[in-house]
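Notes follow the structure.
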Amino acid sequence: KQWYQRRVAITAGIQNVIGSGPGGQKVARTRNKVIVKHVPTNIVVNCHQTRFLDQNKRIAIQKLTEKVELHLYGSESSVAIKKEKKLEGYAETKLSIKEESDKRIAANKLKREAAEAARREDLNKISNSGFPF
């Protein structure tokens, strides 16, 4: 993975610009936002996650590497495979949550039906016993 990042970094143009957003003067006067462009594919990545230029460069090159790999290899890329596995796990989790919810709903329905049947049975006993109201 590292050699691939170096290879992408060699064919990329890195530009440092003044950041913007919350943070006041510290953000507005420092050049810690990084714009990285992969020249062969014209993919551009911006990074202004931290206030340190080195960390922003590292993050930007990592994002650019992932985007270039996804662009070149499509669904065969490691990024696409990771996303697919993550979505599968999410779908399984969501399904298991739904199954548990359905079980709880069915159990509550049975309890309500049993309570209603007991109430009806009590009313029948009272009405059959000849108790005057």
Side-chain angles (χ1 to χ4, degrees):
K1 187 83 174 184
Q2 287 182 349
W3 67 269
Y4 194 73
Q5 286 181 346
R6 280 191 228 119
R7 185 173 166 196
V8 168
I10 290 170
T11 59
I14 300 174
Q15 185 178 18
N16 304 329
V17 295
I18 296 174
S20 62
Q25 189 175 18
K26 184 65 180 169
V27 173
R29 299 186 79 188
T30 57
R31 291 182 174 270
N32 58 2
K33 181 178 179 181
V34 179
I35 300 174
V36 183
K37 179 179 180 182
H38 187 247
V39 178
T41 57
N42 275 340
I43 296 175
V44 179
V45 174
N46 297 323
C47 182
H48 191 226
Q49 291 182 359
T50 68
R51 46 182 219 170
F52 302 107
L53 183 65
D54 295 341
Q55 288 179 358
N56 286 337
K57 277 185 185 177
R58 195 174 320 116
I59 293 168
I61 289 175
Q62 183 179 0
K63 285 182 176 181
L64 182 69
T65 304
E66 291 174 356
K67 283 193 172 190
V68 168
E69 184 179 350
L70 189 62
H71 176 76
L72 294 176
Y73 300 112
S75 61
E76 304 276 324
S77 68
S78 63
V79 178
I81 293 170
K82 284 179 188 176
K83 283 184 181 180
E84 188 176 312
K85 284 183 180 179
K86 187 176 181 180
L87 288 175
E88 285 175 3
Y90 173 73
E92 288 173 6
T93 304
K94 193 172 180 180
L95 182 63
S96 66
I97 290 172
K98 182 165 177 27
E99 288 172 353
E100 288 177 21
S101 176
D102 289 345
K103 286 178 185 177
R104 270 189 256 121
I105 289 170
N108 288 338
K109 185 177 179 183
L110 286 174
K111 285 179 186 177
R112 281 194 307 271
E113 289 173 354
E116 181 67 26
R119 189 180 65 79
R120 275 194 232 117
E121 188 176 311
D122 289 343
L123 286 174
N124 285 338
K125 284 181 184 177
I126 291 172
S127 65
N128 291 337
S129 66
F131 188 74
F133 286 102

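The basis for the numbers below is simple: all heavy atoms, side chains too, and nothing from hydrogens, waters or symmetry mates.
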Hydrophobic cluster membership, Ile14 vs Val45, 4.5 Å side-chain cutoff:
yes

Testing the basics here: between Ile43 and His71, what is the closest heavy-atom pair and its distance to 0.1 Å?
CD1-CB, 3.8 Å

Gap separating the CG atom of Asn46 from the CG atom of Asn56, nearest 0.5 angstrom:
10.5 Å

Got a second to check how far Leu70's CG is from Lys82's NZ, nearest 0.5 Å?
12.0 Å

Distance (rounded to the nearest 0.5 Å) between Gln49 CD and Lys63 NZ:
4.0 Å

Test Asn32 against His48 for side chain to side chain donor-acceptor pair (under 3.5 Å), laying out the working first.
CA-CA 7 Å; Asn32 58 2; His48 191 226; 3.0 Å; yes

Can I get a per-line list of side-chain donor-acceptor pairs under 3.5 Å for residues 105-123, giving both atom names and the distance, sequence neighbours left out?
residue: Asn108; atom: ND2; partner: Arg104; partner atom: O; Å: 3.4
residue: Glu116; atom: OE2; partner: Arg119; partner atom: NH2; Å: 2.6

Which residues, ordered by chain and number, are linked to Val17 in its hydrophobic cluster, where ILVMFWY side chains connect at heavy-atom gaps below 4.5 Å, directly or through other members?
Ile35, Val44

Closest approach of Ile61 and Thr65, non-hydrogen atoms and distance?
O-OG1, 2.7 Å

So, do Thr50 and Phe52 sit near enough that their side-chain heavy atoms are less than 4.5 Å apart?
yes

For Leu53 versus Arg31, what's the shortest heavy-atom pair and its separation?
CD1-O, 3.7 Å

Do Tyr73 and Leu64 belong to the same hydrophobic cluster, where Ile, Leu, Val, Met, Phe, Trp and Tyr are linked whenever their side-chain heavy atoms lie under 4.5 Å apart, directly or via other members?
yes

